[in-house]
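Order of listing sets the numbers, starting from 1, for every ligand and every atom in it. These numbers come from a predicted model, not from an experiment.
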Amino acid sequence: MRTGRVRIGGRSFPVRSLNTVVIGSGAAGLNAAVRLHRHGQTDIAVITGRFGAGASAESGSDKQTYYKLSLAGDVPDSAADMARDLAAGGSMHGDIALAEALGSVEAFFHLAGLGVPFPHDRYGAYVGYKTDHDPRQRATSAGPLTSKLMFEALAAEVRRRRIPVYDGHEAIAVLTAGRGPGKRAIGVLALDRAKAGGPGRGFVLFNAVNVVAATGGPGGMYEHSVYPESQSGSHGLLFEAGAAAHNLTESQFGLASVKFRWNVSGTYQQAVPRYVSTDAAGGGEREFLNDYFPDMGALATAVFLKGYQWPFDPRKIAGGGSSLVDLLVYEETVVKGRRVFLDFRGDPRGDGRLAPFEPRHLGPEALAYLERSGALTATPIARLRKMNAPAVALYKAHGIDLAREPLEIAVCAQHNNGGFRGSIWWESNVRGLFPVGEVCGTHGVTRPGGSALNAGQVGSARAALFIARRRAGRPLPEAAFAREAGAAGLEKWELAEAMLGRGKRRGLSPEACLAEVKKRMSACGAVVRRPAEAGAEKARARELWLRARREMRVPSASGLAHGFKAIDMARTPAI
Ligand SMILES: Cc1cc2nc3c(=O)[nH]c(=O)nc-3n(C[C@H](O)[C@H](O)[C@H](O)COP(=O)(O)OP(=O)(O)OC[C@H]3O[C@@H](n4cnc5c(N)ncnc54)[C@H](O)[C@@H]3O)c2cc1C
C-alpha cells in the first residue's frame, strides 16, 4: 500500500493506494481479507466503523446455526441436493446456490481449522441437526455465539497475517469511474473519526482496483430490530455507486426481546411461557392469545412449535399455526399500541373458555420432547432451566432475571434475504465492486437457518479467489485517481460543510431523521405490509431522503459520520 496526498477542490487529502479495500469487519469482510492474503494478494486493507461491531460479532441466538453439506451419519447428501434446497424457497439463482453448496465444506473446515469449536465426535463426525427449511440434517452450531466465535477466529487470523485494519473509519462513498456497463469501482472515501476535528474533517481516500463491500444488513431501518445496535447497514453507499439490488423486500422477522436484543427461539418457546400484553403504562394485563385459539392444547402447541419454526412464515398462520403467534404479537404492539411480554414465572392460565395449561394438553410431538428432556415440570422457568440453564443465565448476565420479571418482546427484523446482485464470483454490475455477506442478496426467500453464515463465507472466499487470479492489477496513479474521484469527493465535502454550517438549531438532526426512517419502516415495510400504504410511503421516504440531503445538521465535526449515516439510512427505503 502506498500512502500519499491528493488535491480535490483545492484541498489536500490523504490517499492510500492498494489493490483491494474491504469495507466492514464482520465474518464476511474478515474472511475476504484472510483469503486474499492466503492467495498472495497482500496489498489490501480493511476499513471499519468499529472493529467488533456488526451482526457477526455482536449477535447470537439460542443455537446459532451454520448450514453446510451433511458430513456425518448414514444419510446421503450431495451438493446438487443442497443447491436445490437452498433455491427451493424462491428468489435464489441455481448457479449461486450450487456454488454455496459446493463451497460449504471448504468454508466450514476453514473456520474449524482457525479454531471455531464446531462439535464433533471422536471419529471426526461433525454430526448435524435439522434446522428450518432443511430436509436433511445439515445444520451445526458452536453454541449461541457461533458467529461471534467466527469473528474472533477470523480477527485473530487477520492480526496474525498483519493485515492493516483502519478502525474508526466510516465509508461514506464507493468511488466509481465510467458509465453504464463500463462503470467500475476505483476506491472508497472514508471519514476517520479520530481526525474529524482537523482541517481535513477526517476525509481519507482509498484508491483501489477492487472494493469488497461487507457492510452487513440494514438493521438500523427498523424500530423493532434484533440486529445489534451497532449494525445499521450502509446500503445507500452501494445504491449511490450504481450497484443493482434485488429481492430487497425479502426480510426475515421473528420474536425477540427488546431490552436486551436476543431471539426468543428454541427452548424459550418450548418451555411454553405465558404470553401477556399490557397497556403502555404496564396496566390491564391480559393473556391475549386466548382469544384466537380453540383450546389450550392448540395454543400451547403453537407456542412450543415457535421454538423451531422461529422466523415468521405466512404459510404457518392458518389453522392455528406457529406464525399466528407472531401476527398476534404484531397486532398487540403495532396496531393496538400495547406491550407484550413472555412471563416464565407461571403457566398460561387460560380464561373461562380455555383451561389452565397442563403439559398433557400439548400435541404428541411436543409432549414427547418435554418428556425426553425431563422437563415435564410445573412452571415455564423450571422447564427452561431443565432444558437449557444457560438460556436463563444469559438474560441474568444482561440484567434480566426471568424467574422474577416478564420479558418484553416484539416482532423484530433479523435478516435481509435480498440485497445487491452478484455474479457467481460475487461481483456486482459495477466492475470491481464485490458485495459479500448479508449485503449480497443471495439468500432466497425461505433460506434454511444457518445458510446466511455459509453464504457470507463462501461468497467472500470466491470473491477473494477471483480478485487474486483476475484482478491483481495496480491502482490508478494518484493524479488520475484524483481526477476520477474529484467530483464525488467534492460533493461529500460540500455536504459535510453544509451539515456543520447549519449549527445547532436549523435543519434536521441525524437522530430525528433516523427515528422517522424507523417509524415508517416498522409501520409499513416490516412484517405486515399493505401494498397501497407501502406505495404511498415510498414517495414520503423519497421526500425524507431529499430533505435529509438538504437539511441535515450536526453540532460539530465529531457528528459528521452520524450525519452521513442518517442520509444513507434515509436513502435505502426511498429506492
Ligand atoms: C439475532 C441474530 C441471529 C442470527 N442467527 C443466525 C444463525 O443462526 N445462522 C445464520 O446463518 N445467520 C444468522 N444471523 C445472520 C448472520 O449473523 C448475519 O447474516 C451475518 O453475521 C452477517 O455478516 P456480515 O459479515 O455480512 O455483516 P456484519 O457482521 O453485520 O458486519 C458488517 C460490518 O460492516 C461494518 N460497516 C457497515 N457499514 C460501514 C461503513 N459505512 N463503513 C465502515 N464499516 C461499515 C460494520 O461496522 C461491521 O463491521 C443472525 C442474525 C441476527 C441479528
Side-chain angles (χ1 to χ4, degrees), residues 21-32 46-68 131-132 139-148 150-151 154-155 165-174 188-193 206 212-220 222 225-238 252-257 260-266 310-311 412-417 419 435-440 442-443 447-457 459-460 561 564-565 568-569:
V21 61
V22 178
I23 317 173
S25 58
L30 295 185
N31 190 51
V46 176
I47 62 176
T48 179
R50 175 169 66 79
F51 202 73
S56 312
E58 295 199 309
S59 67
S61 62
D62 199 31
K63 187 155 71 175
Q64 209 186 16
T65 302
Y66 192 97
Y67 196 69
K68 45 128 194 63
T131 175
D132 22 281
T140 183
S141 170
L145 297 174
T146 300
S147 64
K148 182 170 197 277
M150 288 166 56
F151 162 78
L154 289 160
V165 174
Y166 289 87
D167 200 359
H169 280 57
E170 196 70 37
I172 59 167
V174 170
V188 172
L189 169 59
L191 277 186
D192 176 357
R193 282 215 195 82
F206 290 83
V212 176
T215 48
Y222 301 95
S225 168
V226 67
Y227 285 87
E229 302 268 6
S230 65
Q231 181 50 34
S232 46
S234 288
H235 282 37
L237 281 186
L238 302 196
Q252 198 169 54
F253 298 87
L255 297 176
S257 52
F260 160 56
R261 295 181 174 197
W262 196 252
N263 291 359
V264 282
S265 57
W310 180 81
C412 293
Q414 191 231 16
H415 194 266
N416 189 211
N417 290 335
V436 302
E438 187 173 338
V439 76
C440 186
T442 64
H443 301 95
R447 67 179 177 91
S451 61
L453 289 175
N454 181 59
Q457 294 304 289
S460 51
F564 277 110
K565 178 64 85 178
D568 186 292
M569 298 305 300

query = Is A190 in contact with ligand 1, taking contact as a heavy-atom separation below 4.0 Å?
reply = no
remark   = So for Q414 against ligand 1, with non-hydrogen atoms under 4.0 Å, the contacting part is both
key: Nearest option to atom 1 (C) of ligand 1, as decided by whichever heavy atom of A452, G60, S225, S61 sits closest   = G60
inquiry  = Applying a heavy-atom cut-off of 4.0 Å, say which part of S451 lies close to ligand 1: side chain, backbone, both or neither.
reply    = backbone
request  = Quick one: look at A256 and ligand 1, take heavy-atom pairs under 4.0 Å, and tell me if it's side chain, backbone, both or neither.
outcome  = neither
key: Which of the ligand 1 atoms, numbered from 1, are nearer than 4.0 Å to a heavy atom of K565   = 38 (N)
query = Between Y227 and ligand 1, is there a nitrogen or oxygen pair with a distance under 3.5 Å?
reply = no
request  = Apply the test side chain to side chain contact (heavy atoms under 4.5 Å, CB included) to residues Y66 and N454: give CA-CA distance (whole Å), side-chain angles for both, the deciding distance (0.1 Å), then the verdict.
outcome  = CA-CA 6 Å; Y66 192 97; N454 181 59; 3.0 Å; yes
key: N/O separation below 3.5 Å, A55 to ligand 1   = yes
request  = Mark the output for H169 as yes if a heavy-atom distance to ligand 1 is under 4.0 Å, and as no if none is.
outcome  = yes
key: Interfacing atoms of ligand 1 (cut-off 4.0 Å, heavy-atom, A28)   = 25 (O), 26 (O)
inquiry  = Can you confirm whether the side chains of T215 and S234 place a donor and an acceptor under 3.5 Å from each other?
reply    = no
query = Taking non-hydrogen atoms only, is V439 closer than 4.0 angstrom to ligand 1 via side chain, backbone, both or neither?
reply = neither
ask   = Distance-only, no hydrogens or angles: does the W310 side chain make a donor-acceptor pair with backbone N or O of L255 under 3.5 Å?
value = yes
remark   = atom 15 (C) of ligand 1: closest protein heavy atom, distance to 0.1 Å, is H415 CD2, 3.5 Å
message = Testing E438, R261, Q414 one by one against Y227 for a side-chain hydrogen bond (donor to acceptor under 3.5 Å, both in side chains), which residue passes?
response = E438
query = Which residue supplies the protein heavy atom nearest to atom 38 (N) of ligand 1, what is that atom called, and how far is it?
reply = S234 OG, 2.8 Å
note = Nearest non-hydrogen protein atom to atom 33 (C) of ligand 1, with distance, is A214 O, 3.5 Å
Selected option - heavy-atom contact closest to atom 40 (C) of ligand 1, from H235, Q252, E170 = E170
query = Which atom names give the shortest non-hydrogen contact between H415 and A452, and what distance separates them?
reply = NE2-CB, 3.3 Å
ask   = For atom 52 (C) of ligand 1, what's the nearest protein heavy atom and its distance?
value = S59 OG, 3.5 Å
remark   = Applying side-chain hydrogen bond (donor to acceptor under 3.5 Å, both in side chains) to E170 and not counting sequence neighbours gives R193, K565
Under 3.5 Å: donor-acceptor pair, side chain of Q64, backbone of S147 = yes
ask   = Run the side chain to side chain contact (heavy atoms under 4.5 Å, CB included) check on V174 and L238 step by step: do they pass?
value = CA-CA 7 Å; V174 170; L238 302 196; 3.9 Å; yes
ask   = In terms of the angle between their ring planes, are F206 and H169 parallel, tilted or perpendicular, with boundaries placed at 30° and 60°?
value = perpendicular
ask   = So, D568 side chain and G236 main chain: donor-acceptor pair closer than 3.5 Å or not?
value = yes
request  = Quick one: look up the protein heavy atom nearest atom 13 (C) of ligand 1 and list residue, atom name and how far away it is.
outcome  = Q64 NE2, 4.2 Å
inquiry  = One residue to check: N454. Relative to ligand 1, which of side chain, backbone, both or neither has a non-hydrogen atom less than 4.0 Å away?
reply    = neither
inquiry  = Looking only at protein heavy atoms, which one is nearest to atom 35 (C) of ligand 1, and what is the separation?
reply    = G24 CA, 3.6 Å
task = Check ligand 1 against A53 and write out every atom of the ligand that is under 4.0 Å from a heavy-atom position of the residue.
result = 47 (O), 48 (C), 49 (O)
task = Return the residue, atom name and 0.1 Å-rounded distance of the protein heavy atom closest to atom 21 (O) of ligand 1.
result = S56 OG, 2.9 Å
request  = Indicate the atoms forming the closest heavy-atom contact of I23 with A171, along with that distance.
outcome  = CG2-CB, 3.7 Å
ask   = Going by the order shown, which atoms of ligand 1 are within less than 4.0 Å of some heavy atom of G26?
value = 25 (O), 29 (O), 31 (O), 33 (C), 49 (O)
task = Tell me, please: is A27 in heavy-atom contact with ligand 1, that is, under 4.0 Å?
result = yes
remark   = ligand 1 atoms nearer than 4.0 angstrom to some heavy atom of G437 are 26 (O)
ask   = Under the 3.5 angstrom rule, does the side chain of N31 hit a backbone N or O of Q457 as a donor-acceptor pair?
value = yes
request  = Under 4.0 Å, heavy atoms only, figure out whether ligand 1 is touched by the backbone of Q231, its side chain, both or neither.
outcome  = side chain
key: Residue pair A28 / G437: nearest heavy atoms and the distance that separates them   = CB-CA, 3.6 Å
inquiry  = Minimum distance, heavy atoms only, to atom 19 (O) of ligand 1: which one of R261, K63, R50, E438 is it?
reply    = E438
request  = State which residues pass side-chain hydrogen bond (donor to acceptor under 3.5 Å, both in side chains) with T65; sequence neighbours excluded, sorted by chain then number.
outcome  = Y129
remark   = The protein heavy atom nearest to atom 11 (O) of ligand 1 is L453 N, 2.8 Å
